[in-house]
Amino acid sequence: MCAFVAARAILRPGERPLLMLSGGPDSMCLLHLLPVVDRRLGLGLRAAALHVDYGLRGRASDRDRELVEAACAAAGLTLHVERLEGALRGPDFQARARAQRYDLARELAARHGYGPLVTAHNRDDQAETVLYRLVKYASPLGLAGMRARDADTARPLLAAGAAEIREYCAAQGIACGVDASNLEPVYARNAIRLEVLPALARLNPRVGETL
């Protein structure tokens, strides 16, 4: 991760990154690795974090929030928690939740001087994004995927696979939650992750890297 961040200037000296933490393996791995990257690259980062609690999964929502709160407290990181119980329901929930999450993060960043927003998107997320955009919009722009760093967002885990991240969390004893809603192919991105990519992997086991 350090080499990837340094080569692409994904995080830069003196920045005040705002980590977007869900409590899942990817974001908790990000929280664990950021101080390592900061120290090794001598960046002098002053990070904070945001957790958005939609309150739609009962005890699981509480668990994820508590995991993030405990981890940020242990890391000495300022954490902002936004509770939006019942604010989002119905069709296109994932897309609307994503848009609302980013709007909240940008509002918070403007108010406190944070930047960039730091997400835990990984290589498998990148593959899903490419396929989703090509299928939904049939646009060559989809092949560009997500950038490691764009105007206000940094993605330092983009070169790591989901399996690698989970193995790292297990090896380091990093507590994280699993969102059960991600395990059902009821949303387009879930279907790509759970059904399309495994089918393509039978043709090319390294399809995530290829995409």
Side-chain angles (χ1 to χ4, degrees), residues 1-51 67-68 71-80 98 101-102 104-106 108-110 112-133 141-176 193 197 204-211:
M1 181 175 167
C2 287
F4 182 64
V5 168
R8 297 176 181 243
I10 298 170
L11 296 168
R12 297 158 190 172
E15 288 187 316
R16 302 186 66 203
L18 180 65
L19 279 62
M20 298 174 69
L21 305 178
S22 67
D26 300 337
S27 68
M28 300 308 279
C29 177
L30 173 66
L31 176 60
H32 187 270
L33 284 175
L34 188 74
V36 177
V37 172
D38 187 11
R39 183 174 63 253
R40 290 186 181 176
L41 299 182
L43 296 174
L45 302 175
R46 294 169 294 152
L50 167 66
H51 175 75
L67 282 170
V68 172
C72 286
L77 223 63
T78 296
L79 172 64
H80 302 270
R98 187 179 302 109
R101 192 161 58 246
Y102 277 90
L104 286 168
R106 290 185 172 111
L108 200 62
H112 295 278
Y114 298 136
L117 310 183
V118 182
T119 73
H121 289 111
N122 60 50
R123 187 173 61 230
D124 295 68
D125 296 322
Q126 180 77 292
E128 292 166 24
T129 297
V130 170
L131 290 174
Y132 177 80
R133 289 177 179 175
L141 185 61
L143 290 171
M146 296 179 284
R147 296 179 184 274
R149 172 81 185 234
D150 55 27
D152 69 348
T153 307
R155 302 176 178 91
L157 287 180
L158 207 55
E164 296 174 272
I165 289 170
R166 281 151 183 73
E167 288 170 8
Y168 181 83
C169 288
Q172 298 294 322
I174 299 171
C176 51
R193 181 186 316 120
L197 280 170
N204 175 7
R206 300 181 68 174
V207 66
E209 295 173 60
T210 302
L211 285 167

Using a 4.5 Å cut-off on heavy atoms from C-beta on, say whether the side chain of [Y] contacts that of [X].
| X | Y | value |
| --- | --- | --- |
| Met1 | Tyr168 | no |
| Glu164 | Arg123 | yes |
| Leu197 | Glu128 | yes |
| Ser27 | Leu19 | no |
| Phe4 | Val37 | no |
| Asp125 | Met146 | yes |
| Leu43 | Glu15 | no |

If every non-hydrogen atom of Ala127 is compared with every non-hydrogen atom of Gly208, which pair is closest and at what distance?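 Result for this residue pair: CB-CA, 4.1 Å.
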Heavy-atom pair with the smallest gap, counting every atom of Ala175 and Leu67: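 Smallest heavy-atom distance, with atoms named: CB-CD2, 3.6 Å.
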Run the side chain to side chain donor-acceptor pair (under 3.5 Å) test against Glu167 and tell me which residues pass, sequence neighbours left out.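 Testing Glu167 for side chain to side chain donor-acceptor pair (under 3.5 Å), a comparison that skips the adjacent residues, returns none.
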Over 12 non-hydrogen atoms of neighbours within 6.0 angstrom of CZ in Arg147: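 Count not over threshold, so no.
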How far does [atom1] of [X] sit from [atom2] of [Y], to the nearest 0.5 angstrom?
| X | Y | atom1 | atom2 | answer |
| --- | --- | --- | --- | --- |
| Leu50 | Leu18 | CG | CG | 5.5 Å |
| Asp26 | Ile165 | CG | CD1 | 4.5 Å |
| Arg166 | Asn122 | CZ | CG | 7.0 Å |
| Gln126 | Leu157 | CD | CG | 12.5 Å |
| Cys176 | His32 | SG | NE2 | 11.5 Å |
| His121 | Leu158 | NE2 | CG | 8.5 Å |

Could you note down all residue pairs passing side chain to side chain donor-acceptor pair (under 3.5 Å) where residues 41-51 supplies at least one of them, sequence neighbours left out?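 Applying side chain to side chain donor-acceptor pair (under 3.5 Å) to every pair that reaches into residues 41-51, excluding sequence neighbours, yields nothing.
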Pair up each side-chain donor or acceptor in residues 6-13 with any protein partner under 3.5 Å, not counting sequence neighbours, and list the distances.
from: Arg12; atom 1: NE; to: Ala9; atom 2: O; distance (Å): 2.8
from: Arg12; atom 1: NH2; to: Ala9; atom 2: O; distance (Å): 3.4

